[in-house]
Amino acid sequence: MNSSIRHFAVFLIITTLLQACSGETHVEIYNTLPGGVTLTVNCKSNRGVDLGFQQITPSDMWEFHFRPRGARYSCSFQWPGQFHYFDIYIEERDDPLCYDKCQWFILPTGPCLERTMCEKWNS
């Protein structure tokens, strides 16, 4: 292999590794509430980012993404007769569990990460 091809291959490897190390985290929120109700979600970060109100229809999902680096996102969840809060992303808790994609399934009792680790509402 000539040196220019070798240098290009090394460049591609380094670029790929840097992108992986500085990648974004995706949070997916699934409406798995019973009764066919629409879920209203509003998420805000500890850095002052407000993602606005999102309407998630039954069996649907909404996602957002960000660069973690100390990020924390808290969300309100509302559906008929119910209003709750939950910290949907805490880097120390979630990064080891769902590194680049966290899937939360919303149930009346609280959100479940990957359908296996269920949490209680903050309030």
Side-chain angles (χ1 to χ4, degrees):
M1 183 183 317
N2 72 35
S3 66
S4 63
I5 293 174
R6 189 173 23 246
H7 286 133
F8 183 70
V10 169
F11 170 76
L12 285 178
I13 291 169
I14 290 172
T15 302
T16 302
L17 288 172
L18 287 173
Q19 287 175 341
C21 291
S22 65
E24 293 185 331
T25 294
H26 294 257
V27 173
E28 297 177 351
I29 300 174
Y30 291 83
N31 178 356
T32 54
L33 295 168
V37 297
T38 296
L39 174 65
T40 301
V41 178
N42 179 237
C43 298
K44 298 178 182 180
S45 80
N46 60 335
R47 299 175 185 154
V49 176
D50 185 340
L51 301 177
F53 287 91
Q54 309 297 323
Q55 301 284 318
I56 308 174
T57 57
S59 302
D60 203 358
M61 72 89 133
W62 169 68
E63 80 171 299
F64 63 95
H65 54 90
F66 56 93
R67 296 200 187 280
R69 298 189 192 112
R72 180 185 194 117
Y73 278 86
S74 297
C75 303
S76 64
F77 297 86
Q78 184 175 0
W79 64 95
Q82 297 290 317
F83 188 86
H84 300 284
Y85 286 100
F86 184 72
D87 296 324
I88 205 77
Y89 185 84
I90 302 171
E91 188 171 16
E92 300 81 25
R93 178 193 69 197
D94 299 327
D95 189 55
L97 299 172
C98 55
Y99 179 63
D100 65 344
K101 182 167 63 171
C102 298
Q103 295 180 314
W104 287 97
F105 297 84
I106 305 304
L107 300 171
T109 54
C112 296
L113 181 62
E114 307 291 336
R115 294 190 189 256
T116 57
M117 188 178 91
C118 293
E119 300 279 350
K120 299 213 182 283
W121 297 112
N122 291 6
S123 64

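The residues of the chain are indexed from 1 along the displayed sequence.
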* Structure fact -> For L107, the other hydrophobic cluster members (4.5 Å side-chain criterion, sorted by chain and number) are none
* Asked: Other hydrophobic cluster members with F83, side-chain heavy atoms of Ile/Leu/Val/Met/Phe/Trp/Tyr under 4.5 Å, chained?
  ->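 F83 shares its hydrophobic cluster with Y85.
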* **Min side-chain heavy-atom separation I29-C43 under 4.5 Å** => yes
Nearest 0.5 Å, what's the [atom1]-[atom2] distance between [X] and [Y]?
{"X": "M61", "Y": "Q54", "atom1": "CE", "atom2": "CD", "result": "12.0 Å"}
{"X": "T40", "Y": "F77", "atom1": "OG1", "atom2": "CZ", "result": "11.0 Å"}
{"X": "H84", "Y": "S76", "atom1": "NE2", "atom2": "OG", "result": "11.0 Å"}

* Looking at L113 and C98, what are the two nearest heavy atoms and their distance? -> CD1-SG, 4.2 Å
* To do: State, to 0.1 Å, how close D95 and Y89 come at their nearest heavy-atom pair, and which atoms those are.
  => CB-OH, 4.0 Å
* Asked: Checking D100 side chain against T25 main chain: does a donor-acceptor pair fall under 3.5 Å?
  -> no
* Between the side chain of E91 and the main-chain N/O of G70, is any donor-acceptor distance below 3.5 Å? -> yes
All N/O donor-acceptor pairs, side-chain side in residues 30-39, below 3.5 Å, sequence neighbours left out:
residue, atom, partner, partner atom, Å
Y30, OH, E28, OE1, 2.7
Y30, OH, Q103, NE2, 3.3
N31, OD1, L33, N, 3.0
N31, ND2, V37, O, 2.9
N31, ND2, I56, O, 2.9
N31, ND2, T57, O, 3.4
T32, OG1, I106, N, 3.3
T32, OG1, I106, O, 2.6

* Pick from K101, H65, R67: which one makes a side-chain hydrogen bond (donor to acceptor under 3.5 Å, both in side chains) with E24? ->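 With E24 as partner, side-chain hydrogen bond (donor to acceptor under 3.5 Å, both in side chains) holds for just one option, H65.
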* Please name all residues satisfying side-chain contact (heavy atoms from CB on, under 4.5 Å) with S45, sequence neighbours left out, ordered by chain then number. => R47, V49, Y73
* Shared hydrophobic cluster for F105 and V41 (ILVMFWY, side-chain gaps under 4.5 Å) -> no
* Asked: Taking only residues at least two apart or on different chains, which pairs with a member in residues 108-123 satisfy side-chain hydrogen bond (donor to acceptor under 3.5 Å, both in side chains)?
  ->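 Sorted pair list: D87-N122.
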* **side chain to side chain contact (heavy atoms under 4.5 Å, CB included) between C102 and L97, worked out** => CA-CA 8 Å; C102 298; L97 299 172; over 6 Å; no
* If a pair satisfies ring pair (Phe, Tyr, Trp, His ring centres under 6.0 Å) and one of its residues is in residues 32-62, list it, with sequence neighbours excluded. => W62-F64
